[in-house]
A.B. asks: 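Can you keep this structure in mind? I'll have questions shortly.
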Amino acid sequence: MKILVCISHVPDTTSKINFTEGDTKFDTNGVQFVINPNDEFGLTRAMWFKEKQGASVDVVNVGGAETEPTLRKALAIGADSAIRVNTPATDGYQVAKELAKVVEDGGYDLVIAGRESIDYNGGMVPGMLAQLLKANFINNCISLEVDGENAKAIREIDGGKETLTASLPLVIGGQKGLVEESDLRIPNMRGIMQARKKPLNVVEAADTSVKTEAVKFEKPAPKGDVKLVDPDNLDELIDLLHNEAKAI
Amino acid sequence: MSVLVYIESEEGKFKKASYEVASYAKGVADKMGTSVTAIAFNAGDVSELGKYGVDKVLNVTNDKLKNFNAEAYSDAVKQAAEKEGSKVVVLSQSANSKYLAPLLAVQLEAGYASNVVGLPESTDPFTVKRTAFTNKAFNFTKITTDVKVIGLSKNAYGLKEAQADAASEDFSPNLSEEDFSVNVESVDKATNKVTIADAEVVVSGGRGLKGPENWGMVEEMADILGAATACSKPVSDMGWRPHSEHVGQTGKPVASNLYIAIGISGAIQHLAGINAAKTKVVINNDPEAPFFKAADYGIVGDAFEVVPRLNEKLKEFKEKNA
Ligand SMILES: Cc1cc2nc3c(=O)[nH]c(=O)nc-3n(C[C@H](O)[C@H](O)[C@H](O)COP(=O)(O)OP(=O)(O)OC[C@H]3O[C@@H](n4cnc5c(N)ncnc54)[C@H](O)[C@@H]3O)c2cc1C
Ligand SMILES: Nc1ncnc2c1ncn2[C@@H]1O[C@H](COP(=O)(O)O)[C@@H](O)[C@H]1O
């Protein structure tokens with residue numbers, strides 16, 4: 001089985017979010033970038049397939065040279081090789097189209113992406129990719145098993161879960177649950193050394209047309225101070241929730 | 001030309017989120033000088049949609065569509081959009097809608113904006129405001145395609161009444177074998193519990209509650225308020241509560257009207273997932289807990305004293321306002 005894990009390169013959640021150039025660009029100054037948390041679960045699940053079922057695992061990112069340390073980290077965790085499509089990721093559709101080309105050229109059977117990135121595409125890429133490939137798609141995946149050509153997955157739904165089956169080729173949008181958090185891999189020294197020698201292939205973008213453009217960013221208005229209510233005066237809280245916040 | 005809205009139903013009944021997307025579609029249609037068409041699957045009586053400005057309902061009745069199926073539903077919505085000549089398709093951001101929307105966008109060659117929080121700033125160019133960076137910022141997105149797909153964040157627009165006909169019309173999309181190549185084998189869903197996704201109020205407990213045996217008062221509060229129960233990550237990691245209750249960056253997102261946090265410190269990864277809740281109340285005995293900076297109302301006090309008393313007060317309030 002040939003597996004491709006899509007890696008989105010995102011600011012760590014604890015980062016301060018600021019914008020520059022008249023609020024049109026994300027200010028990367030001092031921001032630590034990481035593998036998108038949902039992709040970390042997917043990558044670890046892919047390593048399990050590699051070790052238990054003899055799969056090969058490549059990772060891919062659509063982005064500029066600045067994302068290479070993130071791809072190297074994925075290599076250090078155990079991926080065999082990395083691909084970077086050399087173009088800034090500006091629109092979910094554009095990214096999906098580049099990824100579709102990588103999947104077709106590489107003949108991958110299983111594509112593991114994340115449910116969503118914690119920056120701003122907001123859960124677009126995996127579904128679009130699947131549709132472009134005419135491959136099966138399962139989102140919000142919390143469990144995935146593959147037996148030959150057949151996959152069995154569990155998907156989280158509002159208020160429960162659902163068990164699904166589909167044949168390969170398959171794209172999933174994965175999340176926590178694909179593996180337990182305690183099983184997430186952290187690169188060790190040996191992995192980091194090996195990662196330096198693993199191939200990281202840069203390919204040029206095929207088509208840069210987009211369907212959406214992020215024109216501007218805005219920070220939420222500063223929140224007013226918390227209103228503290230005396231624990232001996234709980235009627236006041238009820239009054240505030242009812243009359244001021246209209247929440248009960 | 002009419003704005004098309006995808007209406008979700010469960011066992012033939014609409015959810016509040018369905019009325020919210022209908023209201024929003026009406027808002028967009030007014031801006032564009034057009035009408036609203038809804039598409040609903042196995043929904044039964046659709047007349048209620050008329051209250052929220054829906055002029056026409058394409059009513060799909062098909063046993064093969066009993067369970068949600070992203071590919072088949074997307075194909076049906078696509079055909080509805082083509083039939084109506086719709087330039088804008090509106091969906092909620094439920095787990096199912098988020099599954100369907102990107103498929104639909106590719107089928108319609110449409111630009112898709114998810115997590116949208118309000119009516120378009122302008123319809124030409126078509127620009128919408130969305131949340132970004134786990135609710136720490138907003139992003140204005142311009143959609144440059146002829147057809148647009150909009151995913152509306154829960155509780156971002158609210159319900160707006162506007163009387164219309166909701167004239168029901170049977171609609172039978174052409175579905176193929178390929179639409180059903182992902183099979184739903186089984187669905188496992190708690191039926192009589194308020195889910196975090198649907199709840200108006202979420203009551204959440206953290207490590208400050210010391211152990212699973214102390215959750216009775218949390219469940220009681222949820223009962224009184226008709227709320228869903230939730231918890232912080234360490235609480236589910238330690239097995240005090242089921243994983244399905246874990247909210248935050250790595251858990252479920254919360255966008256309820258009210259979020260009550262009891263014995264939760266307010267770590268950034270927790271807040272990332274609950275920031276979208278409208279009103280936040282924190283009960284914590286440490287006045288320095290970071291949650292007080294993110295909350296609207298706070299009580300500095302011992303949960304074991306405050307919560308049982310608050311429950312009594314809430315009960316009285318509910319009885320009076322029933
Ligand atoms: C990558 C990553 C992802 C994460 N994702 C999430 C996530 O999705 N969701 C999440 O919740 N966390 C997440 N975390 C963990 C997060 O950083 C915090 O550790 C966690 O939220 C703390 O949980 P807590 O507030 O229940 O516990 P604590 O931080 O231990 O806080 C307990 C609070 O209870 C108060 N307290 C104690 N006794 C009482 C009492 N008698 N009455 C009232 N208050 C009392 C204390 O003052 C304290 O503020 C993540 C962390 C990482 C690194
Ligand atoms: N620029 C990118 N390069 C590679 N994969 C990506 C990129 N952007 C998004 N993805 C994948 O798509 C998933 C969902 O991202 P998004 O649609 O941005 O929310 C991520 O978890 C990644 O697996």
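Naming: A, B, ... by sequence-line order, numbering from 1 per chain.
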A.B. asks: What part of B/V281 gets closer than 4.5 Å to chain A, counting heavy atoms only: side chain, backbone, both or neither?
C.D. replies: side chain
A.B. asks: Looking at every heavy atom in both B/S114 and A/G122, which two are closest together, and how far apart are they?
C.D. replies: OG-O, 3.0 Å
A.B. asks: Please flag which part of A/P231 lies under 4.5 Å from any non-hydrogen atom of chain B: side chain, backbone, both or neither.
C.D. replies: both
A.B. asks: I'd like to know whether A/Q131 forms a side chain to side chain contact (heavy atoms under 4.5 Å, CB included) with B/L104, so could you lay out the CA-CA distance, the side-chain angles of the two residues, the decisive distance to 0.1 Å, and finally the verdict.
C.D. replies: CA-CA 9 Å; A/Q131 189 72 16; B/L104 178 67; over 6 Å; no
A.B. asks: Between A/L237 and B/K313, does the side chain to side chain contact (heavy atoms under 4.5 Å, CB included) criterion hold? Intermediate values first, please.
C.D. replies: CA-CA 10 Å; A/L237 180 68; B/K313 300 269 183 199; over 6 Å; no
A.B. asks: So, for B/G298 and A/V226, which heavy atoms are closest and what is the spacing to 0.1 Å?
C.D. replies: N-CG2, 3.5 Å
A.B. asks: Check A/E218 with B/K129, please: is the shortest side-chain N to carboxylate O separation under 4.0 Å?
C.D. replies: yes
A.B. asks: Side chain, backbone, both or neither: which part of B/F317 has an atom under 4.5 Å from a heavy atom of chain A?
C.D. replies: side chain
A.B. asks: What part of B/N135 gets closer than 4.5 Å to chain A, counting heavy atoms only: side chain, backbone, both or neither?
C.D. replies: backbone
A.B. asks: Counting only heavy atoms from other residues, nucleotides and ligands, does the tally under 6.0 Å from NZ of B/K278 exceed 12?
C.D. replies: yes
A.B. asks: So which of B/H246, B/K98, B/R309 has the biggest tally of heavy-atom pairs under 4.5 Å with chain A?
C.D. replies: B/R309
A.B. asks: Using heavy-atom distances under 4.5 Å, tell me whether B/A295 contacts chain A through its side chain, its backbone, both, or neither.
C.D. replies: both
A.B. asks: Cation-pi check for B/Y297 against A/K227: NZ or CZ below 6.0 Å from the six-membered ring centre and within 45 degrees of the axis, yes or no?
C.D. replies: no
A.B. asks: Rounded to the nearest 0.5 Å, what separates atom CG in B/N139 from atom CZ in A/F26?
C.D. replies: 12.0 Å
A.B. asks: Answer whether the closest heavy-atom distance between the side chains of A/K223 and B/K293 falls below 4.5 Å.
C.D. replies: no
A.B. asks: Quick one, A/D119 and B/F133 - any side-chain contact, counting heavy atoms below 4.5 Å?
C.D. replies: yes
A.B. asks: If we only count heavy atoms from C-beta on, is the B/I299 to A/L228 side-chain gap below 4.5 Å?
C.D. replies: no
A.B. asks: How about B/I143 and A/K211: do any of their side-chain heavy atoms sit closer than 4.5 Å?
C.D. replies: no
A.B. asks: Walk me through it: do A/L164 and B/N183 pass the test side chain to side chain contact (heavy atoms under 4.5 Å, CB included)?
C.D. replies: CA-CA 5 Å; A/L164 305 142; B/N183 298 302; over 6 Å; no
A.B. asks: Could you check whether A/T165 and B/E185, counting side-chain N and O atoms only, form a donor-acceptor pair closer than 3.5 Å?
C.D. replies: yes
A.B. asks: Is it true that the side chains of A/N136 and B/S181 contain a donor and an acceptor less than 3.5 Å apart?
C.D. replies: yes
A.B. asks: Quick one, A/R155 and B/N96 - any side-chain contact, counting heavy atoms below 4.5 Å?
C.D. replies: yes
A.B. asks: For A/D158 and B/S94, work out which heavy atoms get closest and say how close.
C.D. replies: OD2-CB, 3.4 Å
A.B. asks: Using a strict cut-off of less than 4.0 Å between a Lys/Arg side-chain nitrogen and an Asp/Glu carboxylate oxygen, indicate whether B/K189 and A/E162 qualify as a salt bridge.
C.D. replies: no
A.B. asks: So which part of B/K148 gets closer than 4.5 Å to some heavy atom of chain A, the side chain, the backbone, both or neither?
C.D. replies: neither
A.B. asks: Fit a plane to each ring of A/F137 and B/Y99, take the angle between them on a 0 to 90° scale, and name the class: parallel (under 30°), tilted (30 to 60°) or perpendicular (over 60°).
C.D. replies: perpendicular
A.B. asks: Hey, is the main chain of A/A214 close enough, under 3.5 Å, to the side chain of B/T141 for a donor-acceptor pair?
C.D. replies: no
A.B. asks: Might you point out which heavy atoms bring B/V182 and A/A166 nearest each other, and give the distance in Å?
C.D. replies: CG2-CB, 4.0 Å
A.B. asks: Do B/K136 and A/K16 come close enough that some side-chain heavy atom pair is under 4.5 Å?
C.D. replies: no
A.B. asks: So for B/S74, is it side chain, backbone, both, or neither that comes closer than 4.5 Å to the heavy atoms of chain A?
C.D. replies: neither
A.B. asks: Side chain, backbone, both or neither: which part of A/D232 has an atom under 4.5 Å from a heavy atom of chain B?
C.D. replies: both
A.B. asks: Assess whether side chain to side chain contact (heavy atoms under 4.5 Å, CB included) is satisfied between A/L240 and B/D296, documenting all intermediate values.
C.D. replies: CA-CA 10 Å; A/L240 287 167; B/D296 302 285; over 6 Å; no
A.B. asks: Could you tell me which portion of B/A110 (side chain, backbone, both or neither) has an atom closer than 4.5 angstrom to a non-hydrogen atom of chain A?
C.D. replies: backbone
A.B. asks: Let me know if B/L225 has heavy atoms under 4.5 Å from chain A in its side chain, its backbone, both or neither.
C.D. replies: side chain
A.B. asks: About how many Å separate NZ of A/K216 and CZ of B/F138, when rounded to the nearest 0.5 Å?
C.D. replies: 12.0 Å
A.B. asks: Report which part of A/S182 has an atom under 4.5 Å of a heavy atom belonging to chain B: side chain, backbone, both, or neither.
C.D. replies: neither
A.B. asks: Side chain from CB out, backbone as N, CA, C, O: work out which of these in B/D188 comes under 4.5 Å of a heavy atom of chain A, or both, or neither.
C.D. replies: both
A.B. asks: Checking B/N321 against chain A: side chain, backbone, both or neither under 4.5 Å from a heavy atom?
C.D. replies: side chain
A.B. asks: On a heavy-atom basis, which atom in A/G123 and which in B/P102 lie closest, and how many Å separate them?
C.D. replies: O-CG, 3.8 Å
A.B. asks: Would you mind telling me which of B/Q269, B/K280, B/Q93, B/Q107 has the largest number of heavy-atom pairs within less than 4.5 Å of chain A?
C.D. replies: B/Q107
A.B. asks: If you draw a 6.0 Å radius around NZ in B/K15, do more than 12 non-hydrogen atoms from other residues or ligands fall strictly inside?
C.D. replies: yes
A.B. asks: Against chain B, label A/K176 side chain, backbone, both or neither, depending on which of its atoms sit under 4.5 Å from a heavy atom there.
C.D. replies: side chain
A.B. asks: What part of A/I138 gets within 4.5 angstrom of chain B, counting heavy atoms only: side chain, backbone, both, or neither?
C.D. replies: both
A.B. asks: Of the listed residues (B/E71, B/K193, B/R130), which shares the most heavy-atom pairs with chain A below a 4.5 Å separation?
C.D. replies: B/R130
A.B. asks: Do you know which of B/A294, B/A267, B/G226 has the most heavy-atom pairs under 4.5 Å to chain A?
C.D. replies: B/A294
A.B. asks: Tell me, do A/I248 and B/L314 make a side-chain contact under 4.5 Å, heavy atoms counted?
C.D. replies: yes
A.B. asks: Closest heavy-atom contact between B/L103 and A/G127?
C.D. replies: CD2-O, 3.3 Å
A.B. asks: Do B/T250 and A/Q175 have side chains that approach each other closer than 4.5 Å (heavy atoms only, starting at C-beta)?
C.D. replies: no
